[in-house]
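Labels below follow one simple rule: chain letters A, B, ... track the order of the sequence lines, proteins then strands, and each chain is numbered from 1. Small disclaimer: the values here were computed from a predicted structure and weren't measured.
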Number of protein chains: 2
Amino acid sequence: MPRGQCRGQGWWHGKFRGCGYRITLGREAVLDVLSSCGGHLSAEDIFIKVHSKYPNVGFTTIYRTLDVLCGLGMVCKLDFGDGRARYELAEGPKGARHHHHLVCTGCNKVIDYTDFIDEEVDLLRQTEKGLEKKYNFKINDHVIQFYGLCDKCRKEGGKDAGF
Amino acid sequence: MPRGQCRGQGWWHGKFRGCGYRITLGREAVLDVLSSCGGHLSAEDIFIKVHSKYPNVGFTTIYRTLDVLCGLGMVCKLDFGDGRARYELAEGPKGARHHHHLVCTGCNKVIDYTDFIDEEVDLLRQTEKGLEKKYNFKINDHVIQFYGLCDKCRKEGGKDAGF
DNA sequence: CTCCTTATTGAAAATGGTTTCCATTACCAA
DNA sequence: TTGGTAATGGAAACCATTTTCAATAAGGAG
């Protein structure tokens, strides 16, 4: 029954087992949270949500699971410069469409934007190709982020969380 | 004699005093290191260099000074995702020209590149304007970075520092 | 279904970069 | 020179993340 399992409880079970990983409660819980809540969750956010439903799942498991999921390319680890990593489901069967991030350094709010994405991706692809050739790099990833003050923080007089 | 002091020992003294900051040994030492060594120095790198010349200057002062310098826009704090911040002199009298970063996730080597910078900056400026308008943000900064494996790490078989 | 191997787990301790505390020191305007 | 106050250093605190290790449980073999 692999066909058609792209949605449903276990769309990722096959991939998981295929890579030699076991399906466990903790892993299911983490994936549940990631797919039911919006993006940009910190490990702590995820822990709190998972823990409220499954009090036996510990912090360590959250980190370890996120690590596995990143390794499988199912989750993206994000860094908004506030000293804690954020995680979001990667694009794919249930993932969101490609986007970049606009980060408020006042309140740490993050806006996903898709405006200009096409132009950005075009330029990035072109730049990647040029850089790979010139420096003989194998480029696997890129980061584009804008930092600034959001509407609300501008009005409250540019206090700034720094970094 | 402020005129013409853009180069020389104390080109930044005026700016510093003007902002109410005092000129101290530690601050001079940090700026010396930053301008005599290339970019991408970690706080520890800077501490080691400063400390070898002025053993009385402590780690705390390095961090505090870097913080002040960032606040004045004289230094940029960089994040290459390896868990420690890097610092480099911002553009200006003695600063390097605008560039972006290509980071090897194998050995953490960082290449400054200026290729495609003009196109990138054009696109960024345009995107910034659009985002500012749409989301009523005041954008102050951006990050563009590429991650991958450098020539050497590719050959050694894609071991990856992760993050 | 049961057994067995071994991946996975939780709790607590360790780690490591960065920040804070606080009593002491030293800029620099007057 | 001096006084007020910014700046300092060393140690302790912080805090997200990782490691350790004995206990647990997933899931293939039988």
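The separation between B:L66 atom CG and C:dT18 atom P is 10 Å, rounded to whole Å. Spacing between atom CG of A:L69 and atom P of C:dT8 amounts to 12 Å, rounded to whole angstrom units. Put simply, CD1 on A:I62 is 12 Å from P on D:dT17, counting in whole angstrom units. Atom CD1 in B:I48 sits roughly 14 Å away from atom C1' in C:dG17 (whole-Å rounding). Atoms CZ (B:F47) and P (C:dG16) sit 17 Å apart, rounded to a whole Å. Regarding A:F16, its CZ atom lies at a distance of 13 Å from the C1' atom of D:dA26, rounded to whole Å. The CZ atom of B:R64 sits 14 Å away from the P atom of C:dC22 (whole-angstrom rounding). Straight-line distance from the CG atom of B:D67 to the P atom of C:dT19: 6 Å, rounded to whole Å.
Ring geometry for B:H100 against B:H142 counts as perpendicular: the plane angle is over 60°, on a 0 to 90° scale with 30° as the lower cut.
For A:A85, counting side-chain heavy atoms from C-beta on, the closest listed nucleotide (D:dA16, D:dT17, C:dT18) is D:dT17. If you check D:dG10, D:dT20, C:dC28 against the side chain of B:I23, the one that comes closest is C:dC28.
Across all strands, B:F59 comes closer than 4.0 Å to no nucleic acid atom at all (heavy-atom distances). Using a 4.0 Å heavy-atom distance criterion, B:R22 is classed as a base contact. Contact annotation for A:R27: backbone-only contact, meaning every heavy-atom pair under 4.0 Å involves sugar-phosphate atoms and none involves a base. Note on A:T24: only backbone sugar-phosphate atoms sit closer than 4.0 angstrom, heavy atoms only; bases stay farther off.
A donor-acceptor contact closer than 3.5 angstrom links the side chains of B:Y113 and B:E120. Between the side chains of B:E44 and B:H51, not a single donor N or O lies within less than 3.5 Å of an accepting N or O. Counting only N and O atoms by type, the side chains of A:D32 and A:Y54 include no donor and acceptor under 3.5 Å apart.
Between A:L72 and A:C19, the closest side-chain pair of non-hydrogen atoms falls below 4.5 Å.
Contact annotation: B:R17 side-chain N/O to C:dC28 OP1/OP2 distance is under 4.0 Å. The phosphate of D:dT17 has OP1 or OP2 within less than 4.0 Å of a side-chain N or O from A:Y63.
Two residues, A:P55 and A:Y21, neighbour DNA chain C, and the one matched to the more 5' nucleotide by heavy-atom proximity is A:Y21.
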